[in-house]
Asker: 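Following this message is one structure expressed as structure tokens.
These values consider heavy atoms only, across backbone and side chains, with no hydrogens, waters or symmetry-generated copies. Residue numbers start at 1 and run along the sequence shown.
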Amino acid sequence: MSQALRELVRQRAGQRCEYCQLPEEAFPFPFEIDHIIARKHRGATTAENLAWACYSCNAFKGPNIAGLDPASNEFTRLFHPRNDVWHAHFEWNGPIVEARTAIGRTTLDVLELNNPESVQIRRLLIEEGRFPPPA
Ligand SMILES: [Zn+2]
């Protein structure tokens with residue numbers, strides 16, 4: 001992947017994780033390029049299929065593109081940062097991400113968006129007045 005493409009994805013995301021909205025300077029590990037549709041599922045390395053993601057979201061997401069909605073147990077696709085609007089599927093309750101839709105619930109579950117480390121980082125950012133980002 002070219003450095004230019006990587007930088008385009010990073011800047012387009014406002015240097016925030018496109019899944020959990022964490023700013024990259026607040027996270028202890030470098031952010032990564034996420035293939036929204038994983039390469040395993042023939043996802044392309046093109047701007048339309050790439051997202052900027054924190055290490056935590058990218059690691060939990062892995063090659064997943066769907067999961068089971070924990071409310072209905074129905075097979076449900078994951079949030080797609082290029083096609084979906086974050087606030088249509090998620091909302092903030094302090095440092096906790098809450099889901100508004102089946103896609104939100106499934107993504108929250110698969111990516112473990114409320115894992116204790118991420119919640120703790122958000123708590124500190126909220127205390128500093130740096131989180132959540134403006135809608
Ligand atoms: Zn994240």
Side-chain angles (χ1 to χ4, degrees):
M1 182 183 318
S2 73
Q3 189 59 37
L5 179 56
R6 187 182 163 80
E7 198 53 29
L8 179 151
V9 172
R10 178 171 178 257
Q11 295 302 334
R12 181 179 61 189
Q15 298 165 43
R16 290 180 179 278
C17 175
E18 298 194 68
Y19 294 98
C20 75
Q21 298 199 322
L22 208 68
E24 66 178 358
E25 79 274 6
F27 200 71
F29 302 102
F31 276 26
E32 299 174 339
I33 291 281
D34 165 54
H35 282 73
I36 300 167
I37 303 300
R39 281 172 285 195
K40 180 182 179 68
H41 304 295
R42 288 177 267 112
T45 303
T46 56
E48 300 74 41
N49 189 45
L50 298 176
W52 196 236
C54 72
Y55 174 80
S56 175
C57 287
N58 203 27
F60 285 121
K61 182 169 176 278
N64 290 302
I65 56 176
L68 298 178
D69 174 2
S72 68
N73 222 27
E74 299 257 339
F75 184 82
T76 305
R77 72 173 174 86
L78 296 181
F79 175 75
H80 190 301
R82 298 279 69 76
N83 300 338
D84 297 326
V85 176
W86 196 91
H87 286 279
H89 296 282
F90 306 101
E91 59 193 338
W92 289 112
N93 179 5
I96 304 295
V97 187
E98 292 186 348
R100 305 180 68 172
T101 63
I103 288 169
R105 283 192 299 273
T106 304
T107 305
L108 200 159
D109 193 52
V110 173
L111 275 60
E112 301 195 22
L113 295 180
N114 289 320
N115 72 77
E117 291 79 14
S118 294
V119 170
Q120 182 57 24
I121 293 170
R122 287 180 215 137
R123 233 184 263 287
L124 295 172
L125 289 174
I126 288 168
E127 281 173 21
E128 295 168 6
R130 296 163 65 203
F131 201 82

Asker: Which residues pass the side chain to side chain donor-acceptor pair (under 3.5 Å) test with N73, sequence neighbours left out?
Answerer: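 By the side chain to side chain donor-acceptor pair (under 3.5 Å) rule, N73 matches no residue at all.
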Asker: Write down the atom of P133, the atom of R16, and the distance for their closest heavy-atom approach.
Answerer: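 Scanning both residues completely, I find the closest heavy atoms to be CB-CZ, 3.4 Å.
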Asker: For the atom pair CD (Q3) and CG (L8), what is the distance rounded to the nearest 0.5 Å?
Answerer: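 So the gap between those two atoms works out to 11.5 Å.
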Asker: Heavy-atom count around Y55 OH within 6.0 Å, excluding the residue itself: above 12?
Answerer: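 Incorrect, the count does not exceed 12.
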Asker: Return yes if some donor-acceptor pair links the side-chain N/O of T106 with the main-chain N/O of A102 below 3.5 Å, else return no.
Answerer: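 Pair found, side chain donor or acceptor close to backbone of A102.
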Asker: Minimum heavy-atom separation for A51 to E18, with atom names?
Answerer: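 Shortest heavy-atom contact: CA-OE2, 3.2 Å.
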Asker: Count I, L, V, M, F, W, Y as connected when their side-chain heavy atoms are under 4.5 Å apart, and connections chain through other members. Are I36 and M1 then in the same cluster?
Answerer: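 Yes, it is one cluster - the side chains of I36 and M1 are joined through contacts under 4.5 Å.
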Asker: Are S56 and L22 side-chain neighbours, meaning at least one heavy-atom pair lies under 4.5 Å?
Answerer: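 When only atoms from C-beta onward are counted, L22 and S56 do not touch, as no gap falls below 4.5 Å.
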Asker: Measure the SG-CD distance between C57 and Q21 for me, rounded to the nearest 0.5 Å.
Answerer: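 Rounded to the nearest 0.5 Å, the SG-CD separation comes to 10.5 Å.
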Asker: If we only count heavy atoms from C-beta on, is the C20 to L111 side-chain gap below 4.5 Å?
Answerer: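 Heavy-atom side-chain distance check fails, nothing below 4.5 Å.
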Asker: If you measure from CD1 on I96 to CZ on R122, what distance do you get to the nearest 0.5 Å?
Answerer: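 It is 7.0 Å, given to the nearest 0.5 Å.
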Asker: How many angstroms lie between CZ in R123 and CD1 in I126, if you round to the nearest 0.5 Å?
Answerer: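 R123 atom CZ to I126 atom CD1 measures 8.0 Å (nearest 0.5 Å).
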Asker: Give, for atom CG of N58 and atom CH2 of W52, the distance between the pair rounded to the nearest 0.5 Å.
Answerer: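 Rounded to the nearest 0.5 Å, the CG-CH2 separation comes out at 10.0 Å.
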Asker: With sequence neighbours excluded, give me every salt bridge (Lys or Arg N to Asp or Glu O under 4.0 Å) pair touching residues 70-80.
Answerer: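 Counting only pairs at least two positions apart or across chains, the salt bridge (Lys or Arg N to Asp or Glu O under 4.0 Å) contacts touching residues 70-80 are R77-D84.
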Asker: Taking R100 for the side chain and H87 for the main chain, is one N or O donor matched with an acceptor at less than 3.5 Å?
Answerer: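 Checked: pair present.
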Asker: Any side-chain to backbone donor/acceptor pair from N115 onto S118? Under 3.5 Å, distance only.
Answerer: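 Yes: the side chain of N115 pairs with the backbone of S118.
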Asker: Given side chains that start at C-beta, do those of F131 and P23 come closer than 4.5 Å, heavy atoms only?
Answerer: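 Yes, side chains in contact.
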Asker: How close do C17 and C54 get, counting heavy atoms only, and between which atoms?
Answerer: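 That closest heavy-atom pairing would be SG-N, 3.3 Å.
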Asker: Answer with yes or no whether the hydrophobic clustering places F31 together with I33; edges join I, L, V, M, F, W, Y residues whose side-chain heavy atoms lie under 4.5 Å apart.
Answerer: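 Hydrophobic grouping puts F31 with I33.
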Asker: Rounded to the nearest 0.5 Å, how far apart are OH of Y19 and OG1 of T107?
Answerer: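 The distance works out to 8.0 Å.
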Asker: Which heavy-atom pair separates L50 from A44 by the least distance, and what is that distance?
Answerer: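 So the minimum-distance heavy-atom pair works out to CD2-O, 4.4 Å.
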Asker: Within the distance-only criterion (no hydrogens, no angle test), does the side chain of H80 pair as donor or acceptor with the backbone N or O of R82 below 3.5 angstrom?
Answerer: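 Such a contact is found between H80 side chain and R82 backbone.
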Asker: Ignoring hydrogens and angles, state whether a donor on the side chain of N49 or T46 is under 3.5 Å from an acceptor on the partner side chain.
Answerer: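 Judged by distance alone, the side chains do not pair up.
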Asker: Mind listing the closest non-hydrogen atom pair of P28 and I121 along with its distance?
Answerer: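 Nearest pair, atom of P28 first, then I121: CD-CD1, 3.9 Å.
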Asker: Can you classify the ring geometry of W86 versus F90 as parallel (below 30°), tilted (30 to 60°) or perpendicular (above 60°)?
Answerer: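 Taking F90 first and then W86, their aromatic rings sit tilted (interplane angle of 30° to 60°).
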Asker: Report yes if the side chains of L5 and T45 come closer than 4.5 Å at any heavy-atom pair, otherwise no.
Answerer: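 Yes, close enough: below the 4.5 Å cut-off.
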Asker: Give a yes or no on whether the backbone of A47 and the side-chain of R12 come within a donor-acceptor separation of less than 3.5 Å.
Answerer: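 Between the backbone of A47 and the side chain of R12 there is a qualifying donor-acceptor contact (under 3.5 Å).
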Asker: Please report the closest heavy-atom contact between R105 and A71, naming both atoms and the distance.
Answerer: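 Distance-wise, the nearest heavy atoms are NE-CB, 3.3 Å.
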Asker: For residues 22-42, which residue pairs qualify under salt bridge (Lys or Arg N to Asp or Glu O under 4.0 Å), counting only residues two or more places apart or in two chains?
Answerer: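 Checked against salt bridge (Lys or Arg N to Asp or Glu O under 4.0 Å) - neighbours excluded - the pairs reaching residues 22-42 are R10-E24, E25-R130, D34-K61.
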Asker: Test of understanding: clusters of I, L, V, M, F, W, Y form through side-chain heavy atoms closer than 4.5 Å, transitively. Do F27 and L125 belong to the same one?
Answerer: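 Linked, F27 and L125 end up in one cluster.
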Asker: Verify, without hydrogens or angle tests, whether W92 (side chain) and E98 (backbone) share a donor-acceptor contact under 3.5 angstrom.
Answerer: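 No, the answer is negative, given that no donor and acceptor are paired below the 3.5 Å cut-off.
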Asker: Using 30° and 60° as the class limits, which term best fits the ring planes of F79 and H89: parallel, tilted or perpendicular?
Answerer: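 Ring orientation, 0 to 90° scale: perpendicular.
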